[in-house]
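Structure first, then comments.
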Amino acid sequence: MGVKLAHALGAHVVLFTTSPGKEADARRLGTDEVVISKDAEQMGRHAESFDLIVDTVAAQHDINAYLGLLKRDCTLVQVGAPEKPLDVNVFSVIWRRRNFAGSLIGGIAETQEMLDFCGKHGITADIEMIPIDQIETAYSRMLKSDVKYRFVIDMASLPKAA
Amino acid sequence: MFTCTGYAATSADTRLEPFAFERRDPRADDVEIEIVYCGVCHSDLHQARNEWRNTLYPCVPGHEIVGRVTRVGAEVRDFKPGDLAAVGCMVDSCRTCTACREGLEQYCEPGFTGTYNGPEQGTGANTFGGYSSHIVVDRHFVLHVPEGLDLAGVAPLLCAGVTTWSPHAAGVRAPARRSASSGWAASAIWA
């Protein structure tokens, strides 16, 4: 969702991924550049160039590699929540007065603003529809990241009486 | 009260199964919605399996809800039966703290009421989410859905959408020319 929204907001969108196979899909969603995060040379080319980084990664990862890509006074916002603490090298933030921040969903007025924006720009999520009796299968597939990009339950599939 | 059908987990290690439960009839400020689609968030799985060790059972997950309004309370002017409506991660908050007064209910100081796993303001009762036929929510926490969008694709906007929207919108309010979204590394690592 981040890519579609950032693109529609007029940002130059760069997507970081560990998987080169995602490039075509990333471009379809509105990404201007794809960076393979394991490639130090590619990462180095983007040093000190971003106004904003939104980090949705919920697994352990090297946050300092991304903090170094921010311009002075700019912000990395963590919305993914890894289970264990991340190691922040404080020089990453001191050296360019950078911000390492977090954000939780959004307020009600802001949610309405987002929906109205999506209505105006024709933005919806890419989904895979399931009947509700497939929910356990959907959970298993989510754990393997086997979904593009969100399951949605068709409530017409709900039994009339439980 | 009226009876809803839904799907619930009854413990951390049982599968979600059909479940009947009671919801309140709409109060003066409430909107009743017949749910058409509900998105599946990773939080649903965490909560159903008690991975955050705070799950109240039975647990009816689901906080990416879209549907049609079926009934409204006497004081509700901005929704009427037949309207499209949506509900996200919150169904209530204290409404009086600094955060709530600034429209930042997600940072409610005593804590907002989650769409599932409560606790309900005042009573402390559990709340039941969107894997169900209907939901009854105070109008302040009900969103209008623009007509013309694919309704199933709207559902994930209520959590995944606004979660990424909020920092980008804040970034746009500040002068920003470039943006990066480092999200997909997650799916690659999870795989």
Contact listing (chain A partner; residues 58-72 of chain B; heavy atom under 4.5 Å): B:P61, B:E64
Looking at every heavy atom in both [X] and [Y], which two are closest together, and how far apart are they?
{"X": "B:F112", "Y": "A:L104", "result": "CE2-CD2, 4.1 Å"}
{"X": "A:I108", "Y": "B:H140", "result": "CG2-O, 3.1 Å"}
{"X": "A:S103", "Y": "B:P167", "result": "OG-CD, 4.0 Å"}
{"X": "A:M114", "Y": "B:L157", "result": "CE-O, 3.2 Å"}
{"X": "B:P156", "Y": "A:I127", "result": "CG-CG2, 3.8 Å"}
{"X": "A:A6", "Y": "B:H168", "result": "CB-NE2, 3.4 Å"}

CZ/B:R15: more than 12 non-hydrogen atoms of other groups inside 6.0 Å: no
Greater than 12 external heavy atoms within 6.0 Å of A:H7's NE2: no
Check: A:L158 main-chain N/O paired with B:Y7 side-chain donor or acceptor under 3.5 Å: no
Heavy-atom side-chain proximity of B:L143 to A:Q112 below 4.5 angstrom: yes
Check: B:D44 and A:I135 side chains under 4.5 Å, non-hydrogen atoms: no
Residue A:E136 versus chain B: region with a heavy atom under 4.5 Å: side chain
Residue A:D133 versus chain B: region with a heavy atom under 4.5 Å: both
Flag the one option from [options] with the top tally of heavy-atom pairs under 4.5 Å to chain A.
{"options": "B:V40, B:T163, B:T3", "answer": "B:V40"}
{"options": "B:L158, B:L149, B:I35", "answer": "B:L149"}
{"options": "B:G103, B:G130, B:S132", "answer": "B:S132"}

Mind checking the [atom1]-[atom2] spacing from [X] to [Y]? Nearest 0.5 Å is all I need.
{"X": "A:M129", "Y": "B:Y37", "atom1": "CE", "atom2": "OH", "result": "4.0 Å"}
{"X": "B:E105", "Y": "A:E110", "atom1": "CD", "atom2": "CD", "result": "10.0 Å"}
{"X": "A:I132", "Y": "B:Y131", "atom1": "CD1", "atom2": "OH", "result": "7.5 Å"}
{"X": "B:S166", "Y": "A:E113", "atom1": "OG", "atom2": "CD", "result": "9.0 Å"}
{"X": "A:Y139", "Y": "B:H46", "atom1": "OH", "atom2": "NE2", "result": "11.0 Å"}
{"X": "B:T164", "Y": "A:K4", "atom1": "OG1", "atom2": "NZ", "result": "11.0 Å"}

Pairs meeting criterion side-chain hydrogen bond (donor to acceptor under 3.5 Å, both in side chains) with involvement of residues 143-153 of chain B, two or more places apart: none
Common cluster, B:L56/B:L16, ILVMFWY with side-chain heavy-atom separation under 4.5 Å: no
Cluster overlap B:Y116 with B:M90, hydrophobic side-chain contacts below 4.5 Å: no
Chi angles and distances behind the side-chain contact (heavy atoms from CB on, under 4.5 Å) call for B:W165, A:L9: CA-CA 10 Å; B:W165 169 266; A:L9 282 163; 3.9 Å; yes
With a 3.5 Å cut-off and sequence neighbours excluded, list the donor-acceptor pairs that the side chains of residues 77-89 of chain A form with protein atoms.
from	atom 1	to	atom 2	distance (Å)
A:Q78	NE2	A:G80	O	3.3
A:N89	OD1	A:F91	N	3.0

Please report, to 0.1 Å, the donor-acceptor pairs under 3.5 Å made by any side chain of residues 73-81 of chain B, with sequence neighbours excluded.
from	atom 1	to	atom 2	distance (Å)
B:R77	NH1	B:A74	O	2.9
B:K80	NZ	B:D83	OD1	3.1

